Amino acid sequence: MADPAPKTTVFETMSSLARTLGAINLGQGFPEMEEPGELIAAAQRALAQRSNQYPPMRGLPELRGAICAYYARTQGLDLTLDNVVVTSGGTEALAASLLALVRPGDEVVLVQPLYDAYLPLVEWAGGVAKFVSLTPPYWAFPLDALKAVIGPKTKGLVLNTPNNPVGTMLSGKVLEAIGELAREHDLWVLCDEVWEGMVFDGTPHVSPLAVPALAERAIKVGSAGKIFSMTGWKVGWAVAAPALAARIAGRHQFLTFTTATPLQWAVAEAFALPAMWHREHLARYAAAKARLTDGLTAAGFAVLPASGTWFVTIDLAASGLPADDVQVAERLVREAGVASIPVSAFYAQDAERGYLRLCFTKEPAAIDSALARLAAFRAAI
Ligand code: GLN
């Protein structure tokens, strides 16, 4: 029987290539910066003093309560424990949500560039994906294309704000327009908001859950890995109206059942850290972003504006490089020793090939070496 498994993700492929070649890894999004000691100490305490047995299936009430309090404080959302399901990372929250929402033959609209898990998850649930694309170079949301693609079989759409890979965000106005469409066509909206805590230019993060027309139809996916820079912990969650959250929990219980108990305790404690902690944490990441962006600009690369995420994208043609992102990424990792991610990997069809994604969450010395290598590569072309 043919193996229908999807091929290894571009993130895994690039990271393993970077390991093999000893390249500086600006590909897969994970921090190589000092890790928050408060969280490590909290996890150690939890291992020794809390529990190493199954937590409640939907997540520790203490963690679910902490998630509600965080969203009340940062986004003005009014949530209770019944709204929250803790999952093993944002990816599991996406999977459990799509398994709960999609029935065979349902059409689901995906917005390109898109995170690579969305399409296989929709298809595994029996759905049929329809695509619309953000418009480069500013990646405007294509409301007209969305209207045009919605048909009688369309049941929902998957959004992502801030967007991975390009870092742009959906405004309240765009979300309200999407809300009108969702009401008119009775659609659900699954919104990947894992980058909500990593916004650097002050743009307010608006969740579809905050838009009245979407409050009962939207699912918000969040991630402690991104908020607290602990990507290997795989603690995430889905937040939705109670009836929807119950359906998601029904899938979560047969995907992973529960999520590592001591890490849930540690994340619950981390949410009690003061707002100042988050400001300082964000400031270190903002400095890394500025270091990479300024260095790239000084070396002649054209860096596109991005509000959030751990990534910047460069416009290859405007940087004087061949507008073939896969080819440039291959050459960069092999010839210059810098791993990156081609933005075309975030497309299922009609890919944009002129942009490259670079992750900036690295120590200053690593960013500086990467910059020197990138500048030399560009100068030699
Ligand atoms: N979110 C990470 C990125 O965009 C990748 C996560 C993964 O490799 N599954 O780089």
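Read the numbers this way: they start at 1 and go in the same order the structure lists the ligands and their atoms. In this chain, numbering begins with 1 at the start of the sequence shown. Every value quoted in this text rests on a predicted model; they were computed, and no experiment measured them.
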Is the shortest distance from a Lys or Arg side-chain nitrogen in Arg284 or Glu34 to a carboxylate oxygen in the other one below 4.0 Å? no
Between Glu180 and Arg183, is there a salt bridge with N-O shorter than 4.0 Å? yes
Tell me which part of Phe30 gets within contact of ligand 1: side chain, backbone, both or neither, using heavy atoms under 4.0 Å.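 The answer is neither.
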Looking only at heavy atoms, is any part of Thr91 under 4.0 Å from ligand 1, and if so is it the side chain, the backbone, or both, or is it neither? neither
Below 3.5 angstrom, do we get any N/O pair linking [X] and ligand 1?
| X | answer |
| --- | --- |
| Arg357 | yes |
| Trp195 | no |
| Tyr115 | yes |
| Gly29 | yes |

Could you find the nearest protein heavy atom to atom 8 (O) of ligand 1 and give me its residue, atom name and distance?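 Nearest neighbour among protein heavy atoms for atom 8 (O) of ligand 1, to 0.1 Å: Gln28 NE2, 2.8 Å.
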Would you call the rings of [X] and [Y] parallel, tilted or perpendicular, where under 30° means parallel and over 60° means perpendicular?
| X | Y | result |
| --- | --- | --- |
| Trp277 | Phe228 | tilted |
| Trp310 | Trp195 | perpendicular |
| Phe271 | Tyr70 | tilted |

Cation-pi check, Lys289 to Phe311: give yes when NZ or CZ is under 6.0 Å from the six-membered ring centre and within 45° of the ring axis, no otherwise.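 No; the conditions do not both hold, so Lys289 does not lie above the ring face of Phe311.
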Under 4.0 Å from any heavy atom of Phe311, which atoms of ligand 1 are there? 3 (C), 4 (O), 10 (O)
What do you reckon, is CD of Glu216 surrounded by more than 12 foreign heavy atoms closer than 6.0 Å?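 12 or below, so no.
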Please verify whether a non-hydrogen atom of Asn164 lies at under 4.0 Å from ligand 1. yes
